[in-house]
Amino acid sequence: MNNDFSDHELWEGVVSDNSRAFALLYDRYWKKLYTTARYYLKDEAAAEEITHDVFISLWEKRKSSKIENFQHYIQATARYHVYKYLKAAKINCVEYLDQFSELNTPVVYNFAPEKLVYENMEGQLAQLLKDLPRRCQEIFWLSRINHLSNQEIADRLHISKRTVENQITLALKVLRIAYPQFLLAAAIGDFILHSPF
């Protein structure tokens, strides 16, 4: 099997237990995944471990994974593993999430259990925000749940962009102080569902 095959053709080979096809996909993507993980973790050993774990997971789930776009899938899987590592190390995942906010590449992601957890968190978030001023709740919801930019929110509500930024900062401050575990879980869930890759 040569390296001229498309990702899709190679993935079909992997699903059929072709270890050579798997090796070709590994050769094609390991360096990019490793470099990305190392950039965010600042730890070569952890980046190697995550890259290894991503490919182990991919091989183990080859029969059950429905992959439409291999590159997007493997990148989303790598980001998920980086988040798990950051969470275990108790590193601020919100900063990591914000670094992806400017990218607009669509993602193909099929981890349904995480989606259900995220949807449940939306209801919990509404409960947590109920003590904030109504305008602050509305702005936070438009920003973090509807994913509108600060300028879009300002235009929609006929207020200044600075007011939007202040209200989001207020909501985040309240959540960070009162509910730090929820904020981390929400960031991870948001990252999984709205990942830009």
Side-chain angles (χ1 to χ4, degrees), residues 1-91 93-124 144-145 147 184-197:
M1 185 168 255
N2 64 43
N3 209 14
D4 295 334
F5 289 101
S6 70
D7 290 350
H8 182 73
E9 291 169 323
L10 290 173
W11 179 247
E12 286 179 351
V14 171
V15 171
S16 300
D17 299 325
N18 184 325
S19 60
R20 178 69 182 133
F22 183 77
L24 288 171
L25 283 172
Y26 178 87
D27 289 342
R28 196 174 282 181
Y29 287 102
W30 79 266
K31 187 172 185 178
K32 183 173 186 174
L33 297 183
Y34 168 78
T35 302
T36 301
R38 190 182 67 197
Y39 175 81
Y40 288 104
L41 300 175
K42 313 291 191 251
D43 182 333
E44 290 182 11
E48 281 181 29
E49 182 180 337
I50 283 174
T51 303
H52 180 73
D53 289 349
V54 166
F55 282 98
I56 294 277
S57 173
L58 191 65
W59 180 257
E60 290 174 347
K61 296 178 181 179
R62 68 189 178 280
K63 298 291 186 182
S64 61
S65 295
K66 305 295 182 216
I67 299 177
E68 304 273 330
N69 183 315
F70 184 82
Q71 181 177 358
H72 291 166
Y73 182 88
I74 192 110
Q75 289 171 333
T77 303
R79 284 192 310 275
Y80 176 72
H81 281 267
V82 167
Y83 257 106
K84 281 186 1 186
Y85 179 88
L86 292 172
K87 182 180 176 190
K90 297 185 176 17
I91 295 170
C93 295
V94 175
E95 291 175 13
Y96 176 69
L97 176 65
D98 288 342
Q99 292 174 359
F100 284 105
S101 66
E102 296 176 5
L103 302 174
N104 293 318
T105 309
V107 66
V108 176
Y109 193 80
N110 65 350
F111 292 171
E114 287 86 353
K115 186 172 193 293
L116 292 173
V117 168
Y118 178 77
E119 289 172 354
N120 186 37
M121 278 192 286
E122 282 186 5
Q124 292 176 13
R144 295 306 196 253
I145 304 301
H147 303 285
L184 176 62
I188 292 169
D190 187 57
F191 167 80
I192 289 169
L193 284 181
H194 303 289
S195 178
F197 287 100

Got Tyr29 and Val54 here, is their nearest side-chain heavy-atom distance under 4.5 Å?
-> no
List the atom of Leu10, the atom of Ala21, and the distance in Å for their closest heavy-atom pair.
-> O-CB, 3.4 Å
Using the test side-chain hydrogen bond (donor to acceptor under 3.5 Å, both in side chains), find all partners of Tyr34 that sit at least two apart in sequence or belong to another chain.
-> none
Min side-chain heavy-atom separation Ile74-Lys32 under 4.5 Å = no
State, to 0.1 Å, how close Trp11 and Leu25 come at their nearest heavy-atom pair, and which atoms those are.
-> N-CD1, 4.0 Å
Where is the tightest heavy-atom contact between Ile50 and Ala37, given as atom of each residue plus distance?
-> CG2-CB, 4.4 Å
Partner set under side-chain hydrogen bond (donor to acceptor under 3.5 Å, both in side chains) for His8, not counting sequence neighbours = Glu12
By side-chain hydrogen bond (donor to acceptor under 3.5 Å, both in side chains) - contacts of Arg62 (at least two apart) = Asp17
Note, Thr77 side chain near Tyr73 side chain (heavy atom, < 4.5 Å) = yes
Please confirm whether the backbone N or O of Asp53 pairs with a side-chain atom of Ser57, one donor and one acceptor, at under 3.5 Å?
-> no
Close side-chain approach of Thr36 and Val82, heavy atoms under 4.5 Å = no
How far does CG of Asn69 sit from CD of Gln75, to the nearest 0.5 angstrom?
-> 8.5 Å
Tell me, do Ser6 and Phe70 make a side-chain contact under 4.5 Å, heavy atoms counted?
-> no
With Tyr26 via side chain to side chain contact (heavy atoms under 4.5 Å, CB included) - residues at least two apart | Trp30, Phe55
Side-chain heavy-atom pair Leu24, Arg28 within 4.5 angstrom cut-off | no
Taking only residues two or more places apart in sequence, or in another chain, which ones meet Glu48 in a side-chain hydrogen bond (donor to acceptor under 3.5 Å, both in side chains)?
-> none
So how far is it from His52 NE2 to Leu33 CG, rounded to the nearest 0.5 Å?
-> 13.5 Å
